[in-house]
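Each remark here refers to the structure printed beneath this line.
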Amino acid sequence: MDYRAPPSNGSGDIGKADAAPHAALLDQLSHELNLGILARGADGRVFWRSAGLSPFESELEHPGRILATLLETEAVPGQGEVMLREGVWLRWRAVPIDWPGHSDGQLWIFEDISEGVLARRALAESQGRLRLLSANTKGILFEFDAQARFVRVWASDPKLLARSESDLLGHNLLEALGPEMGKWHHERVCHTLGTGEGQDYEYTLEVPSGARHFACTSVGVPAADNQARGAVFWIRDITEQVELRARLQRTDRLVAVGTLAAGVAHEVNNPLAYMRLNLQQVQRVLLELGADPELSVRLSPLRGRLDMIREGAERVHTIVSALLDLARSPDAPRAVDVQRVLELSLEATAREFEGCAEVQRDYAAVPPVKANESRLIQVFINLLTNAAHSLARRRKEAQWVRVSTHVDANGRVVVEIRDTGVGIPREDLQRVFDPFFTTKQHGLGLGLAICHRIVASFGGEIHVESQPGEGATFSVSLPAATPD
């Protein structure tokens, strides 16, 4: 805005009447824009001021006060901000002006910005608290405006973000994540913005580092008129908690199934034992009677039926044995040589891989583990057999299974069995260790459940990673045996 007055009429004698229009205009500006305005002559004296300066007259009239000092020390033209006292801030601007009778005058304009400064301070403090909260928690803080657009993003780890911060700011979730991924989250944001109600929920999201589980807490940020003008969403990575929860649930199921299996196996095993014994006796008698040619012809159909009954009884016996394995408490652990156990397991399953795949070994030096040798052999035979079946179902060239060992960062011994088979569907990965879950046509669904129970009894863990069509990797982590 140009605060210079119109040029004089050249008479050299300008009266007060010539200044009146300019004073009236500045008074109107002062009133409409809530400004304080004063005019000074070349001699430094204030010859005109607006009514808006009334609260600050003492500051202007007493030497040494902040405004009086400002008028004497600041260069013209110039501008800046000044604090008169705690909570009172003015923005000032000084420009030269040709005022009738004061050709080398100065026009000083003051605006009370106390409310804005306090708001900025409050916002800065709020942002500082959010940054502090974000820096000291493993999570993300998102702030949205009333149009559900990102206005601020804080992340304790940038890897947690599905998109970079620059891709988020100024956009809503639909724009940032796309309609397929962003619609559900966008609706959550709009709900908090529209109602002001906080929310607590969990969800799973694909990020560059893989699938992660998150928990979210949202709060509405009210405006002065109590209408929701924004929202803050606090998101925490709970992947470890979700996995721990799943392991605990799986352990509970195994305990329950093991208790049930022990009772069922006991009830079935007794009648099954004398059924098998009597079948053996009947078959032995039929074999003796078969020496008579006439009886042999008549007994031949009967022997076939008895063979079918015996196969069925053996099948039931296999199931009962698996149930007993699931329920049986492992023997006391002791120091076991992992490489020896793996070699015994590979020897036992060698025929499974003949003509099917190459067996690769990658053994690093590892200490003995705390386990039971025979039960650990049972685990690795099961995992190797599953790998062989997966390879056989794929039937492609250059297939292999790799058995490797190493020590992890926690000092635990890790055995990995990786194959190039058909892999495991993503939706089945969380269920492979559940009792009676199987993808095999004739499987019982107890093998991996038994492996999980055995490994857990040694204080270890078993995990699986897989991509359909790219094989699977089973990892068994066991505590190293102590010297004693």
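In this chain, numbering begins with 1 at the start of the sequence shown. The figures that follow rest on heavy atoms only: side chains count, while hydrogens, waters and symmetry mates do not. This is a predicted model, so every value here is computed, not measured.
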Is there a side-chain contact (heavy atoms from CB on, under 4.5 Å) between F380 and I417? Walk through the geometry before answering.
CA-CA 9 Å; F380 293 136; I417 298 177; 4.1 Å; yes
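- For W92, the ring pair (Phe, Tyr, Trp, His ring centres under 6.0 Å) partners two or more places apart in sequence, or in a different chain, are W108.
- Here the NE2 atom belonging to H463 is positioned 6.0 Å from the OG atom belonging to S477, to the nearest 0.5 angstrom.
- We find the CD1-CG distance between I454 and N372 to be 8.5 Å, quoted to the nearest 0.5 Å.
- Checked against side-chain contact (heavy atoms from CB on, under 4.5 Å), E202 has the following partners two or more places apart in sequence or in another chain: A215, I238, R245.
- Note that the CG atom of L84 and the CG atom of L90 stand 4.5 Å from one another [nearest 0.5 Å].
- Counting only distance, with no hydrogens or angles, the side chain of S390 and the backbone of A387 share no donor-acceptor pair below 3.5 Å.
- Separating the CG atom in L383 from the CD atom in Q378 is a distance of 10.5 Å, to the nearest 0.5 Å.
- Taking R149 as the reference, D145, Q147 meet the side-chain hydrogen bond (donor to acceptor under 3.5 Å, both in side chains) condition, with sequence neighbours excluded.
- Here salt bridge (charged side-chain N to carboxylate O under 4.0 Å, His left out) pairs that include residues 182-199, with residues two or more places apart or in two chains, number zero.
- In terms of heavy atoms, F353 sits closest to L384 at CZ-O, 3.3 Å.
- Applying the side-chain hydrogen bond (donor to acceptor under 3.5 Å, both in side chains) test to E352 and every residue at least two apart in sequence or in another chain returns nothing.
- Minimum interatomic distance between A365 and V407 (heavy atoms only, all atoms of both residues): O-CG2, 4.2 Å.
- With contacts defined as side-chain heavy-atom distances shorter than 4.5 Å, the pair C451/N382 qualifies.
- Within the 4.5 Å cutoff, the side chain of L342 has heavy atoms near those of the T405 side chain.
- Ion pairing between a basic and an acidic side chain is recognised when a charged N comes within 4.0 Å of a carboxylate O; R340 and E373 show such pairing.
- Here M83 contributes atom CE and S114 contributes atom OG; the two are 10.5 Å apart, rounded to the nearest 0.5 Å.
- D408 pairs by the side-chain contact (heavy atoms from CB on, under 4.5 Å) definition with N410, R412, V414, not counting sequence neighbours.
- Put simply, the side chain of V413 reaches to within 4.5 Å of the side chain of P367, judged on heavy atoms.
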Could you go through W234 and V219, starting from their C-alpha distance and side-chain angles, then the distance that decides it, and tell me whether this counts as side-chain contact (heavy atoms from CB on, under 4.5 Å)?
CA-CA 9 Å; W234 177 31; V219 293; over 6 Å; no
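- Across all non-hydrogen atoms, the minimal contact from K370 to F458 is O-CB, 3.5 Å.
- Under the rule for a side-chain hydrogen bond (donor to acceptor under 3.5 Å, both in side chains), H185 has no partner lying at least two apart in sequence or in another chain.
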For the pair V189 and N172, evaluate side-chain contact (heavy atoms from CB on, under 4.5 Å) and give the outcome as yes or no after the intermediate values.
CA-CA 9 Å; V189 173; N172 61 36; over 6 Å; no
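- Atom CD of E470 and atom OG1 of T420 lie 11.0 Å apart (nearest 0.5 Å).
- Shown here are the salt bridge (charged side-chain N to carboxylate O under 4.0 Å, His left out) partners of E81, two or more places apart in sequence or in another chain: R91, R120.
- Residues V369 and V415 are not in side-chain contact: their nearest non-hydrogen atoms beyond the backbone lie 4.5 Å or more apart.
- Neither side chain, Q199 nor T217, offers a donor N or O lying under 3.5 Å from an acceptor on the other.
- Considering every non-hydrogen atom in both L376 and A371, the closest pair reads CD2-CB, 4.0 Å.
- Under the 4.5 Å side-chain criterion, counting only non-hydrogen atoms from C-beta, C190 is in contact with H186.
- In this structure the side chain of V403 reaches within 4.5 angstrom of the side chain of L346, judged on heavy atoms.
- Listed by chain and number, the residues in a salt bridge (charged side-chain N to carboxylate O under 4.0 Å, His left out) with E347 amount to none (sequence neighbours excluded).
- A ring-ring contact (aromatic ring centres under 6.0 Å, His included) with F233 is found for one member of F144, Y203, F214 and no other, namely F144.
- Side chain of Q399 to backbone of L391: a donor-acceptor contact under 3.5 angstrom is found.
- Two residues are said to be in side-chain contact when any heavy atoms from C-beta on lie closer than 4.5 Å; V232 and T192 fail this criterion.
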Assess whether side-chain hydrogen bond (donor to acceptor under 3.5 Å, both in side chains) is satisfied between T385 and T349, documenting all intermediate values.
CA-CA 7 Å; T385 302; T349 56; 5.7 Å; no
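- Every ring pair (Phe, Tyr, Trp, His ring centres under 6.0 Å) that F142 has, sequence neighbours left out, goes to F150.
- Residues L168 and L173 are not in side-chain contact: their nearest non-hydrogen atoms beyond the backbone lie 4.5 Å or more apart.
- Annotation: side-chain hydrogen bond (donor to acceptor under 3.5 Å, both in side chains) contacts of E74 (sequence neighbours excluded): none.
- No donor-acceptor pair under 3.5 Å is formed between the side chain of S404 and the backbone N or O of D362.
- Using modelled atom types and a 3.5 Å distance limit, the side chains of T239 and H213 yield no donor-acceptor pair.
- Contact detail for G411 and A480: the closest heavy-atom pair is O-CB, 3.9 Å.
- Contacts of W184 classified as ring pair (Phe, Tyr, Trp, His ring centres under 6.0 Å), with partners at least two apart in sequence or in another chain: Y201.
- With respect to E416 and R402, no salt bridge is recorded, no charged nitrogen being found less than 4.0 Å from a carboxylate O.
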side-chain contact (heavy atoms from CB on, under 4.5 Å) between Y363 and V338, intermediate numbers included:
CA-CA 10 Å; Y363 297 149; V338 170; over 6 Å; no
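- Closest approach of A176 to D167, counting heavy atoms only: CB-O, 4.3 Å.
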